[in-house]
Amino acid sequence: MGYLEGFAVTFKKWGEGVTTREYRAGRKNRKGEISDKDTKRPKPERAHGRHVLNKYEDGMEKCIGCELCAGVCPANCIYVRGAENPVDDPKSPGERFGYVYEINYLRCIHCDLCVEACPTEAITESKLFEFSFTNRQDAIYTKDELLVGDDGKPQQMPWEDWRPGEDEMTSGWMRATAPSGKAEYLGVTGWSGELGYGVRAGDLPQDEKDAVSVTISTSDDHGHDGHDDGGHH
Amino acid sequence: MGFADVSDKGLAGLEHNVLTGQLEKLVNWSRARSSWPATFGLACCAIEMMATGGSHYDLARYGMEVFRASPRQADVMIVAGRVSQKMAPVLRQIYDQMMEPKWVISMGVCASSGGMFNNYAIVQGVDQIVPVDVYAPGCPPGPETLLHAINTLHHSIETGELLSRRNANGGGAGITVEQRDGQGEPKLITLGAR
C-alpha cells in the first residue's frame, strides 16, 4: 500500500491552491484586455533595474559630465561625454554637463557601482527589470530616454513593462551612515528624492529592524533632511 | 499565384484572400503556442531559465515546458549564458539542425554582447553566429525578464514579422564585414549566413 502514501501527497497539494503567478508581460488577450492575474512578483526594496537620470527641483540636470560612472563601470556599458555649460542656457548647476549619456543595456549588469560613484546623485536605478529588445538599437538608451520627465517620473519606453506605482521606487540614492551628519541618522540608511517624487523612508538600523517588524512611517523627513545636510559630501 | 510560388516561398508566396489570410493566422497562432525550446543553457542564465520553467512562473502556460535535448524537435533556441569561441561552432550546428521555422532568444548580456567579458575567449554577441530575434538584458535576467522576451517573441511570431525578416537577410545575422585575406579583392561576408 505504499503508493497510497504517494497519492496522499498529491491530494494534499491539490487543496493548496495554485502557486503560479501568471505573468504575461502586459500582453493583451484576444479581447484586448490585460488579465488581472498578470502581476509581477514583489521585488526587494533595493532591487537594481533600469537607470534613470535625475533632475533637480528647478529642472536642472544633476549630471555634471564627470564620467566617474563610466570609469567605474565593470562592463564598460556607459558612455559619457561632458561639455562646457552654455552660459546663457545652463543644463546643470556645475561648470559642465553631460552632453552625451548612453547606457548599453546589452552590457549593463546592474551592479549599481555607477550609482555609488556618482557625486551628484544624478544616476539612480529603478526597479524595472522587465524589458527586452528586438534589435540592438533599442538596447542603447540615450540621454533623452534616461532623463526623468518634468514631474520626476521616469520615461516609459514601449518595450518596457511598467506597472502602476512602480516608478515610485525609481529615484532614491542609498546613503550609508554618515558620521559627519546628524546624530539621529547614525546607523540609518537614507534615501534622497528628486523633484519630491519617489522619496522613501529611511531604513531602520538592523537591531531595530529585528525588534519591530512593522513598516515605519513614510514621511519625507528622512529623505529630505538627508539630502540637505546629512550627506557625506 | 501558382504552385511554384508556394513551394519556393511557403506561406509568403500565397496571394492572400480571406481563406489563406485566416490560414496564415492559424498557422502563426499555433506556432506561437507550441514553440519548444532547445536546451542551450551555458552559464548562470540557465539557472534562471530553469526557474522560469518551475511552478511559480510556469513556462507550460505557453506550451514551452519541454526543453528538447534534440534540436530536431525544437523551435526556439534560448542561448542562456556566455558563448566561448570554442562553443560557437557547436551553437551554430545546433541552430542549423533545428527545423524551420526557428527562432533565437539571446538571454542575458553575455549572450547578447559579451557583457562584462570583453576578452578573447568570449564571442562578443551571439548574433555574430546566429540571427537573434529577441534580446533579454540583465545579468542574469530574472524569470520575468525572460518571460517578457518570450512574450515579445510570441507577439512577433503571431504577427509574422520574423519570417519576413529572415527572408530578407538570408538566414544570417544581418552583420556584414569586409573580409581581407590578402589573396585578392576584399569581399563582403555576411556573418551567420549559410
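To find a chain, count down the sequence lines: A is the first, B the second, and so on, and within it residues start at 1. Values below: all heavy atoms of this structure, side chains included; hydrogens, waters and symmetry mates excluded.
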Colleague: Whether the side chain of A:T134 engages the backbone of B:V134 through a donor-acceptor N/O pair (distance < 3.5 Å, no angle test) should be reported.
Modeller: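 No, because the side chain of A:T134 does not come within donor-acceptor range (under 3.5 Å) of the backbone of B:V134.
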Colleague: Are there residues of residues 32-53 of chain B whose heavy atoms fall under 4.5 Å of chain A's heavy atoms? If so, which?
Modeller: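 The list, in residue order, is empty: none.
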Colleague: Checking heavy atoms, do the side chain of B:S55, its backbone, both or neither come under 4.5 Å from chain A?
Modeller: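 For B:S55, backbone and side chain are both near chain A.
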Colleague: For chain B, find its close neighbours in residues 98-110 of chain A: heavy-atom separation under 4.5 Å, sorted by number, or none.
Modeller: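 Against chain B, the residues of residues 98-110 of chain A that fall inside the cut-off (heavy atoms, under 4.5 Å) are A:Y105, A:L106, A:R107, A:C108, A:I109, A:H110.
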Colleague: Indicate whether any N or O donor in one side chain lies under 3.5 Å from an N or O acceptor in the other, for A:S132 and B:H148.
Modeller: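 Yes, side-chain donor-acceptor contact under 3.5 Å.
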Colleague: Against chain B, label A:R21 side chain, backbone, both or neither, depending on which of its atoms sit under 4.5 Å from a heavy atom there.
Modeller: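 When you check distances to chain B, atoms from both the backbone and side chain of A:R21 fall under 4.5 Å.
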Colleague: To the nearest 0.5 Å, what is the distance between OH on A:Y23 and NE2 on B:H56?
Modeller: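 Here the interatomic distance stands at 12.0 Å.
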Colleague: Using 0.5 Å steps for rounding, measure from the CG atom of B:N151 to the CG atom of A:D161.
Modeller: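 Going from CG on B:N151 over to CG on A:D161, the span is 9.0 Å.
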Colleague: What residues of residues 138-146 of chain B make heavy-atom contacts with chain A at a cutoff under 4.5 angstrom?
Modeller: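 Interface residues of residues 138-146 of chain B: B:G138, B:C139, B:P140, B:P141, B:G142, B:E144, B:T145.
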Colleague: Got a sec, which residues hit side-chain hydrogen bond (donor to acceptor under 3.5 Å, both in side chains) with A:D38, two or more places apart in sequence or on another chain?
Modeller: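 Only A:R163 meet the side-chain hydrogen bond (donor to acceptor under 3.5 Å, both in side chains) criterion with A:D38.
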Colleague: Given a strict heavy-atom distance threshold of 4.5 Å, which part of A:R50 is in contact with chain B: side chain, backbone, both, or neither?
Modeller: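 The answer is neither part of A:R50.
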Colleague: In the structure I gave you, are the side-chain heavy atoms of B:Y62 and A:R24 within less than 4.5 Å of one another anywhere?
Modeller: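 SC-SC contact between B:Y62 and A:R24 confirmed.
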Colleague: Can you measure from CD (A:E22) to OH (B:Y57) and round to the nearest 0.5 angstrom?
Modeller: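 Nearest 0.5 Å value for the CD-OH distance: 13.5 Å.
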Colleague: Do A:R136 and B:D127 pass the salt bridge (Lys or Arg N to Asp or Glu O under 4.0 Å) test, and can you show the C-alpha distance, the side-chain angles, and the key distance before you say yes or no?
Modeller: CA-CA 10 Å; A:R136 298 185 82 99; B:D127 50 4; 2.3 Å; yes
